[in-house]
Trainee: 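Below: one structure in structure tokens.
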Amino acid sequence: MTQHIHVTTAERITTIRLDRPDKKNAITLEMYAAVSAALEAATGDPAVRAVVITGSRDCFTAGNDLGDFLRVAQGSGDTRGGVSFLRVLAAFDKPLVAAVAGVAIGIGTTMLLHCDLVYAAPTARFKTPFVDLALVPEAGSSLLLPALVGARRAAQLLLLGEQIDAQTALDWGLINGVTDDPEAAALAAARKLAGCAPGALRATRALTRRATHDAVLEAMRVEGEVFGERLRSPEAMEAFQAFLARRPADFSRF
Ligand code: COA
């Protein structure tokens with residue numbers, strides 16, 4: 001479907017790799033569809049016990065493709081790929097482990113909130129610059145991020161759009177560990193999970209999410225409505241055009 005997503009299954013572990021290095025692994029509609037299909041295939045295959053999601057050695061992902069966002073702002077684009085990816089992600093019922101190196105921006109950070117374990121390289125950088133782009137949080141992050149790191153730190157990420165490094169992410173509880181080889185750490189964890197009783201794993205994962213499950217889906221629904229409105233706003237158009245023209249956005253006229 002797309003050459004930018006590689007999916008392999010070995011030792012009962014499916015590995016999904018984002019691979020669009022010339023664009024910092026920015027995620028296109030086709031890439032969302034391919035990742036969603038890989039997650040759904042993993043759900044339906046009893047031989048798959050865990051999934052690892054990763055990027056390249058120096059980059060996880062720069063988030064949603066901003067060209068795709070600009071097309072939505074201009075009235076010709078489509079957000080369904082990202083929306084259905086988030087639904088599949090939130091419903092995924094097997095252990096999900098992430099390995100992050102380099103930038104994890106926007107959905108690159110918020111998708112981690114749906115992962116059970118996250119390992120990051122010292123190069124990892126986490127950032128959710130939704131407001132910088134005249135957007136709002138997605139993926140349930142308006143609920144999950146304050147719950148995970150606390151309201152004050154969430155404000156640094158979601159309002160100020162601050163970038164945090166791997167050690168800070170570890171200190172804030174956003175990730176499980178910092179290691180020179182996060183993929184090896186993620187695979188080691190996934191191998192351990194793959195050896196566990198699968199029914200117990202799935203049930204434990206569901207139990208640990210039970211208290212927030214419905215609230216997360218509701219947060220995603222409301223975020224989606226506001227996000228859709230914001231995407232089509234003149235403010236967002238200015239932000240996307242500014243990024244693609246490599247100039248600072250100018251919101252002074254709004
Ligand atoms: N969507 C589309 N293209 C993107 C992209 C994105 N989210 N992020 C990076 N790219 C492209 C750049 O346009 C550039 O393409 P070009 O070489 O054809 O001009 C290429 O990837 C390399 O990016 P560049 O900005 O030159 O690399 P950098 O090392 O200086 O900076 C980032 C890397 C990731 C910090 C920077 O590209 C960035 O801030 N990207 C946008 C992140 C973002 O806001 N994502 C959306 C969150 S909702």
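Atoms within each ligand, like the ligands themselves, are counted from 1 in listed order.
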Trainee: Starting from atom 27 (O) of ligand 1, find the nearest protein heavy-atom neighbour and note its residue, name and distance.
Mentor: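 Ranked first by proximity to atom 27 (O) of ligand 1 is Lys24 CE, 3.4 Å.
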
Trainee: Counting only heavy atoms, which portion of Asn64 has something under 4.0 Å from ligand 1: side chain, backbone, both, or neither?
Mentor: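 It is the backbone that touches ligand 1; the side chain stays farther off.
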
Trainee: So how far is it from Glu223 CD to Leu86 CG, rounded to the nearest 0.5 Å?
Mentor: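 Answer rounded to 0.5 Å: 8.5 Å.
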
Trainee: Give a yes or no on whether Val103 and Val178 share a hydrophobic cluster (residues Ile, Leu, Val, Met, Phe, Trp, Tyr; joining criterion: side-chain heavy atoms under 4.5 Å apart).
Mentor: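 No.
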
Trainee: Ligand 1 and Pro129, any nitrogen or oxygen pair closer than 3.5 angstrom?
Mentor: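 No, since none of the N or O atoms of Pro129 sits under 3.5 Å from an N or O of ligand 1.
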
Trainee: Show your reasoning for whether side chain to side chain donor-acceptor pair (under 3.5 Å) applies to Ser56 and Asp19.
Mentor: CA-CA 6 Å; Ser56 4; Asp19 182 26; 5.0 Å; no

Trainee: Quick test of your reading of the structure: of Gly67, Gly106, Gly108, Ala62, whose heavy atom lies closest to atom 46 (C) of ligand 1?
Mentor: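 Ranked by closest heavy atom to atom 46 (C) of ligand 1, first place is Ala62.
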
Trainee: Inspect the contact between Arg20 and Asp65 and indicate whether a charged nitrogen and a carboxylate oxygen are less than 4.0 angstrom apart.
Mentor: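 Salt bridge present between Asp65 and Arg20.
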
Trainee: To which protein heavy atom is atom 41 (C) of ligand 1 closest, and what is the distance rounded to 0.1 Å?
Mentor: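 Going atom by atom, the protein heavy atom closest to atom 41 (C) of ligand 1 ends up being Phe243 CE1, 3.5 Å.
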
Trainee: Salt bridge check, Arg17 against Glu183: does any charged N sit closer than 4.0 Å to a carboxylate O?
Mentor: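 A salt bridge is present here (some side-chain N lies under 4.0 Å from a carboxylate O).
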
Trainee: State whether any protein heavy atom lies less than 4.0 Å from atom 31 (O) of ligand 1.
Mentor: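 When distances to the protein are checked, atom 31 (O) of ligand 1 has no heavy atom within 4.0 Å.
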
Trainee: Less than 4.0 angstrom from a charged side-chain N to a carboxylate O is my criterion; do Arg209 and Asp214 meet it?
Mentor: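 Salt bridge absent between Arg209 and Asp214.
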
Trainee: What protein heavy atom sits nearest atom 16 (P) of ligand 1, and how far away is it?
Mentor: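 Checked against all protein heavy atoms, atom 16 (P) of ligand 1 sits closest to Lys23 NZ, 3.5 Å.
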
Trainee: For ligand 1, is there an N or O atom under 3.5 Å from any N or O atom of Leu66?
Mentor: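 For ligand 1, there is an N or O atom that lies under 3.5 Å from one belonging to Leu66.
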
Trainee: Ring centres of Phe243 and Phe69 under 6.0 Å apart?
Mentor: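 For Phe243 and Phe69, the ring centres are not under 6.0 Å apart.
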
Trainee: To the nearest 0.1 Å, how far is atom 24 (P) of ligand 1 from its closest protein heavy atom, and which atom is that?
Mentor: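 The protein heavy atom lying closest is Arg246 NH2, 3.9 Å.
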
Trainee: Should Lys127 be listed as contacting ligand 1, given a heavy-atom distance under 4.0 Å as the test?
Mentor: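 So Lys127 does not count as touching ligand 1.
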
Trainee: Any atoms of ligand 1 less than 4.0 Å from a non-hydrogen atom of Ala26? List them with their elements.
Mentor: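 By the 4.0 Å cutoff, the relevant atoms are 1 (N), 2 (C), 5 (C), 6 (C), 7 (N).
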
Trainee: Between Phe85 and Tyr32, how do the two ring planes meet: parallel, tilted or perpendicular, split at 30° and 60°?
Mentor: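 Tilted, since the angle between the ring planes falls between 30° and 60°.
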
Trainee: Within the 4.0 Å heavy-atom shell around Ile105, which atoms of ligand 1 are there?
Mentor: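 Listed by number with element: 34 (C), 42 (C), 43 (C), 45 (N), 47 (C).
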
Trainee: I'd like to know whether ligand 1 has Asp22 as a neighbour, heavy-atom separation below 4.0 Å.
Mentor: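 Flag set, Asp22 near ligand 1.
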
Trainee: Any idea which atoms of ligand 1 are less than 4.0 Å away from a heavy-atom of Leu133?
Mentor: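 Those of ligand 1 that fall under 4.0 Å from Leu133 are 44 (O), 46 (C), 47 (C), 48 (S).
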
Trainee: Assess whether a salt bridge exists between Glu11 and Arg191, defined as any Lys/Arg side-chain N lying under 4.0 Å from an Asp/Glu carboxylate O.
Mentor: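 Between Arg191 and Glu11 there is a salt bridge, with a charged N closer than 4.0 Å to a carboxylate O.
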
